[in-house]
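Values in this document were obtained by computation on a predicted structure and should not be read as measured data. Worth knowing before you read on, the calculation uses all heavy atoms, side chains too, and leaves out hydrogens, waters and symmetry mates.
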Amino acid sequence: AIATTLGIAAPALAADYVIDTTHASIEFETGHLGFSLLTGRFDTFSGSFTFDPENPAAGQVSVDIDPASINSNHDKRDEHLRSADFLDVDAYPQARFVSTGIEVTGDDTAVITGELTLRGVTREIAIDARLIGAGTDPWGGYRAGFSGTTRITMADFGMTYNLGPSAEEVQLTLNVEGIRQ
């Protein structure tokens, strides 16, 4: 009320954030021949999001991933994962997620729906997300962090290389920390 009386605009709660990739990760897990789990990550990605703690459903998320940056801690396997059998990075050098909606499911949880484009195929996915925290960092900036998981079916994106039934799906985990702009 004082700000309005003095003609000063009250600060908006909604803010834009840039993902701090030094404090974020995109990891994957899938079955390997029915014997074990294969885990790894994408080392190169960027993105941004809009977040309003008073209206989280109004948020937006956009993430670009360099699929050639896949890292499963095994060079020969990573070469195969980059090939046309899987990510086909020569033909499709970028993967992208863009949100289309956010449904708040709890005090610090939501389902983020959006379009994932991978190997030139776009499919709707849902990410189960959780707010980890938000606040002022030690350098005077403001940060917000989230964690989210989703499962994708490889065949939905044109990847049909047979690694056994436990490898038909991939779980993706996104740990994101953003710096308010």
Side-chain angles (χ1 to χ4, degrees), residues 12-31 37-67 69-72 81 86-87 92 94-137 141-160 165-181:
L13 295 176
D16 295 326
Y17 292 77
V18 171
I19 295 173
D20 177 359
T21 58
T22 62
H23 297 102
S25 63
I26 300 175
E27 302 165 352
F28 66 88
E29 177 182 294
T30 189
L37 294 176
L38 170 65
T39 62
R41 64 184 184 272
F42 292 93
D43 289 334
T44 305
F45 59 93
S46 62
S48 61
F49 60 90
T50 301
F51 176 61
D52 178 350
E54 296 299 317
N55 186 12
Q60 296 177 328
V61 180
S62 176
V63 179
D64 293 312
I65 304 166
D66 176 1
S69 73
I70 195 165
N71 184 343
S72 68
L81 293 172
F86 293 98
L87 297 171
Y92 306 103
Q94 182 183 36
R96 182 161 223 230
F97 174 79
V98 177
S99 66
T100 56
I102 298 175
E103 176 189 353
V104 176
T105 57
D107 289 341
D108 62 355
T109 59
V111 175
I112 302 170
T113 56
E115 295 183 340
L116 174 63
T117 301
L118 180 63
R119 283 183 48 107
V121 177
T122 301
R123 298 270 190 250
E124 183 174 274
I125 65 168
I127 299 172
D128 293 319
R130 177 173 59 97
L131 172 66
I132 302 298
T136 304
D137 64 27
Y142 193 88
R143 294 174 182 256
F146 299 85
S147 182
T149 60
T150 189
R151 296 186 76 78
I152 63 170
T153 301
M154 290 177 38
D156 287 348
F157 295 92
M159 293 178 274
T160 57
S166 66
E168 292 174 355
E169 288 190 332
V170 175
Q171 178 172 300
L172 296 172
T173 302
L174 299 90
N175 297 300
V176 175
E177 180 175 309
I179 303 169
R180 185 168 66 188
Q181 299 302 289

Participant: About how many Å separate CG of Leu174 and OG1 of Thr150, when rounded to the nearest 0.5 Å?
Facilitator: 8.5 Å

Participant: If you look at every heavy atom in Leu131 and Gly145, which pair is closest and at what distance?
Facilitator: CD1-O, 3.5 Å

Participant: Kindly write out the residues that satisfy side chain to side chain donor-acceptor pair (under 3.5 Å) with Thr136, not counting sequence neighbours, or none if the list is empty.
Facilitator: none

Participant: Can you tell me which residue among Asp156, Ile152, Thr117, Leu118 is in a side-chain contact (heavy atoms from CB on, under 4.5 Å) with Arg123?
Facilitator: Asp156

Participant: Might you point out which heavy atoms bring Asn175 and Ser147 nearest each other, and give the distance in Å?
Facilitator: OD1-OG, 2.9 Å

Participant: Ile125 and Phe97: side chain to side chain contact (heavy atoms under 4.5 Å, CB included), yes or no, with the steps?
Facilitator: CA-CA 9 Å; Ile125 65 168; Phe97 174 79; 3.7 Å; yes

Participant: Tell me whether the rings of Phe42 and Phe28 are parallel (<30°), tilted (30 to 60°) or perpendicular (>60°).
Facilitator: tilted

Participant: Keeping the roles fixed (side chain from Arg180, backbone from Ala15), state whether a donor-acceptor pair exists under 3.5 Å.
Facilitator: no

Participant: Looking at Ser62 and Gly47, would you say the former's side chain and the latter's main chain have a donor-acceptor pair under 3.5 Å?
Facilitator: no

Participant: When rounded to the nearest 0.5 angstrom, what distance separates CG in Leu87 from CD1 in Ile65?
Facilitator: 10.0 Å

Participant: Just checking Gln60: does its CD atom have more than 12 heavy atoms from other residues, nucleotides or ligands closer to it than 6.0 angstrom?
Facilitator: no

Participant: Rounded at 0.5 Å granularity, tell me how far OG1 in Thr21 sits from CG in Asp43.
Facilitator: 10.5 Å

Participant: OG1 of Thr30 to CE of Met159: how many Å apart, nearest 0.5 Å?
Facilitator: 9.5 Å

Participant: Which distance, rounded to the nearest 0.5 Å, do you find between the CZ of Arg143 and the CG of Asp20?
Facilitator: 4.5 Å

Participant: Please check if the side chain of Arg119 supplies one atom and the backbone of Phe86 the other of a donor-acceptor pair under 3.5 Å.
Facilitator: yes

Participant: State plainly whether the residues Arg130 and Asp108 are in salt-bridge range, i.e. N to O under 4.0 Å.
Facilitator: no

Participant: Which heavy-atom pair separates Gly59 from Ser99 by the least distance, and what is that distance?
Facilitator: O-OG, 4.5 Å

Participant: Distance from Asp16 atom CG to Phe51 atom CZ, nearest 0.5 Å?
Facilitator: 13.0 Å

Participant: Once you measure the plane-to-plane angle for Tyr142 and Tyr17, does it fall in the parallel (<30°), tilted (30-60°) or perpendicular (>60°) bin?
Facilitator: tilted

Participant: Is it the case that the side chain of Thr153 and the backbone of Glu169 share a donor-acceptor pair, with hydrogens and angles ignored and the cut-off at 3.5 Å?
Facilitator: no

Participant: Where do Gln171 and Thr149 land on the side chain to side chain contact (heavy atoms under 4.5 Å, CB included) test, with the steps shown first?
Facilitator: CA-CA 7 Å; Gln171 178 172 300; Thr149 60; 4.3 Å; yes

